[in-house]
**Student:** 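Below is a structure I'd like to ask you about.
Numbered from 1 within each chain, the chains take letters A, B, ... in sequence-line order.
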Amino acid sequence: MESKTKSPPKLTRRNYSKIIRPIFGILVLGYILWRLYEVLIVQQAYSIEIWLRLLIAGLIIGGVYALIAIGYTLVYGILFMINFAHGEVMMIGTFAGYFLFEVTKGINVASAGNPPLSFSDAYPLISVILAFIVGMTVAAAAGFFLEKIAYRPLRKAPRLIPLISAIGASFFLQNAAQLLFSPQVRDYTNPAAIARGSGWTLIINDSRVVITYTGVLTFVLSILLMIGLYLMVQKTKLGKAMRAVASDKNTAALMGIDVDAIVSRTFIISGALAGAAGVMWGLHNGLVHFFVGFLPGIKAFTAAVLGGIGNIPGAMLGGMFLGLVESLGPTALGISYQLKDVIAFVIMIVILIFRPSGILGEVLSEEKV
Amino acid sequence: MLKVTDLNVYYGAIHALKGISFDLQEGEIVTLIGANGAGKSTLLNTVSGILHAKEGTVEYLGENISNEAPQVIVQKGIVQVPEGRKIFAKMTVMENLEMGAYTVTDRQQIQDKREAMFDRFPVLRTRSKQLGGTLSGGEQQMLAMARALMANPKLLLLDEPSMGLAPVLVEQIFDIIQDINQQGTSVLLVEQNAHMALSIADRAYVLETGHIVLEGDASVVMNDPMVISAYLGG
């Protein structure tokens with residue numbers, strides 16, 4: 001025993017990777033800084049309006065990621081499982097909004113002028129509100145039943161089991177949507193007043209920067225929903241009970257809190273937020289198909305991990321950060337735009353090398369691990 | 001008030017409680033003493049509905065509650081202060097108290113109850129905005145008891161309230177327990193500190209590896225040679 005402690009530390013596989021990781025991190029960080037210096041200081045190839053456009057795009061997509069990421073983080077906080085079917089819940093919300101717009105588009109209302117207007121064009125505000133209500137309700141219901149069917153029976157099973165169930169549920173929902181709605185890619189029919197691409201135009205350096213209505217709607221609504229969620233979790237009885245259940249299920253039960261009901265409601269809330277994100281995605285990006293939830297789901301999961309999984313402000317911050325990196329990154333680093341996902345994930349890896357528990361994450365207590 | 005008959009509880013293959021029977025009359029303090037692993041906490045968690053018995057019944061006010069969910073049992077008036085206090089560390093003292101009153105729907109009643117708790121435990125009033133995790137051990141025990149009392153229990157289950165506390169604090173906690181009892185709440189007290197527990201209890205049961213090996217009035221149990229040698233360090 002004595003001799004072992006005295007011998008110099010060997011380069012075992014374990015501390016070998018301990019050295020490799022920071023070196024990799026520093027190299028990547030150095031490369032990123034060098035590229036930033038090249039593009040921003042030396043070349044100065046892009047002017048302010050281009051940066052503004054990218055910034056706006058980043059904030060919009062960041063808001064969507066943040067809303068979805070909150071769903072991952074809420075569920076993880078309470079059940080310590082990753083709900084890999086969460087992206088599909090968002091997809092269901094997108095479809096629900098799509099069909100609502102299809103229906104309102106089909107209803108003609110009497111109008112003074114000709115030709116007669118459709119309901120969604122005549123009352124854009126009402127139809128958008130309806131779309132969000134329907135999208136959020138349907139996605140909330142999807143989240144509720146997902147938990148009841150795929151996760152609740154496995155509550156006491158080892159932690160790997162519900163994870164596999166989640167992946168299965170994800171495939172199931174994708175294929176179910178493909179069967180029900182056909183694999184074709186459909187166009188979201190926005191009300192004419194907020195047609196995609198229309199918006200306020202700023203003229204900067206003689207070039208136009210469009211701030212789209214759908215973008216503003218997405219950004220403002222996502223911020224409002226995040227504030228609402230935060231207040232709900234901090235101030236209401238349900239929110240406090242959610243925190244109590246997240247910190248200790250048995251003790252929460254001893255206080256008379258119905259743990260199963262709180263878990264259900266957590267899935268309903270996550271589902272509703274994902275549904276709202278889905279309708280925003282549809283309105284802003286315009287395409288809906290059975291696979292629409294996959295990539296935003298994975299990205300939002302990344303964002304939740306980046307911010308510190310289980311931490312709600314972390315998920316918001318992570319989502320915004322990921323959206324901005326994805327949007328500004330390729331240009332700022334002078335890398336082609338097709339590689340935006342690579343940049344986003346590389347930056348995630350670098351952050352996790354230096355902060356393994358995420359930006360706002362904390363070291364997990366032993367109980368939680 | 002509480003009547004437990006022939007209770008058998010398992011953790012997987014482990015037979016934790018092997019046919020336990022005991023009862024508690026209204027207004028009493030009954031203590032269960034025993035060493036680590038005797039099954040004391042298992043017993044309380046079975047009464048609270050966290051664990052369910054394989055055989056045997058738990059009767060409360062003449063009603064079989066063996067298969068009820070924990071929240072139902074809290075509503076019926078049985079509230080547990082868990083071992084190790086289990087304060088919600090990331091929530092403020094105020095929020096911890098609110099969680100204790102989760103089953104109470106009347107806001108005015110919650111407020112009155114909270115004021116009553118602040119009067120009984122003045123230190124909690126001064127710390128009401130602090131996070132539960134920042135309190136000292138004694139303060140946490142007081143918070144845990146106040147939190148349980150918020151639900152208006154008729155029967156309070158206390159699991160090792162003296163654990164990890166300095167002797168002067170232990171005395172204080174036991175004074176409070178007696179006081180709570182005198183105001184009409186029955187108490188089932190699980191303790192390793194047999195001396196303190198027996199000094200305030202009316203009756204006592206001694207638990208060893210899932211069996212009750214001795215029962216009787218606290219004063220009798222206190223003078224039992226086996227108890228003196230095993231638990232009172234005599």
**Student:** Specify the closest pair of heavy atoms between Met91(B) and Arg243(A), including all atoms of both residues, with the distance to one decimal.
**Tutor:** CG-NH1, 3.9 Å
**Student:** Could you check whether atom CZ of Phe172(A) has more than 12 heavy atoms from other residues, nucleotides or ligands sitting under 6.0 Å from it?
**Tutor:** no
**Student:** Tell me, yes or no, whether the heavy-atom count around Glu26(B) atom CD, taken from other residues, nucleotides or ligands under 6.0 Å, exceeds 12.
**Tutor:**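 It does not: Glu26(B) CD has 12 such atoms or fewer within range.
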**Student:** Quick check on Phe354(A): does its CZ atom have over 12 non-hydrogen neighbours (other residues, nucleotides or ligands) under 6.0 Å away?
**Tutor:**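 Atom CZ in Phe354(A) is crowded, with more than 12 foreign heavy atoms closer than 6.0 Å.
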**Student:** Examine distances only and state if a side-chain atom of Lys237(A) and a backbone atom of Tyr102(B) form a donor-acceptor pair shorter than 3.5 Å.
**Tutor:**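 Answer holds: yes.
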**Student:** What I'd like to find out is whether the side chain of Leu254(A) reaches to under 4.5 Å of the side chain of Ile50(B), using heavy atoms alone.
**Tutor:**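 Touching, per the 4.5 Å side-chain cut-off.
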**Student:** Check the surroundings of atom NZ in Lys249(A): do more than 12 heavy atoms from other residues, nucleotides or ligands lie under 6.0 Å from it?
**Tutor:** yes
**Student:** Looking at every non-hydrogen atom in both residues, tell me the closest pair between Pro70(B) and Ala253(A) and how far apart they are.
**Tutor:** CB-O, 3.7 Å
**Student:** For Glu98(B), which atoms come within 4.5 Å of any heavy atom of chain A: side chain, backbone, both, or neither?
**Tutor:**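 Answer is side chain: those atoms of Glu98(B) sit under 4.5 Å from chain A.
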**Student:** Where is the tightest heavy-atom contact between Gln80(B) and Met255(A), given as atom of each residue plus distance?
**Tutor:** O-CE, 4.4 Å
**Student:** With respect to chain B, which residue among Asp260(A), Val259(A), Ile257(A) yields the maximal number of heavy-atom pairs within a distance under 4.5 Å?
**Tutor:**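 Among the listed options, the one with the most contacts to chain B is Ile257(A).
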**Student:** My understanding is that only one of Thr251(A), Asp248(A), Asn250(A) makes a side chain to side chain contact (heavy atoms under 4.5 Å, CB included) with Pro82(B); could you say which?
**Tutor:** Thr251(A)
**Student:** What's the shortest heavy-atom distance between Gly256(A) and Gln71(B), and which atoms?
**Tutor:**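 For Gly256(A) versus Gln71(B), the nearest heavy atoms are O-CB, 3.2 Å.
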**Student:** May I ask you to check whether over 12 heavy atoms, not counting those of Phe22(B), lie within 6.0 Å of atom CZ?
**Tutor:**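 Check passes, neighbour count above 12.
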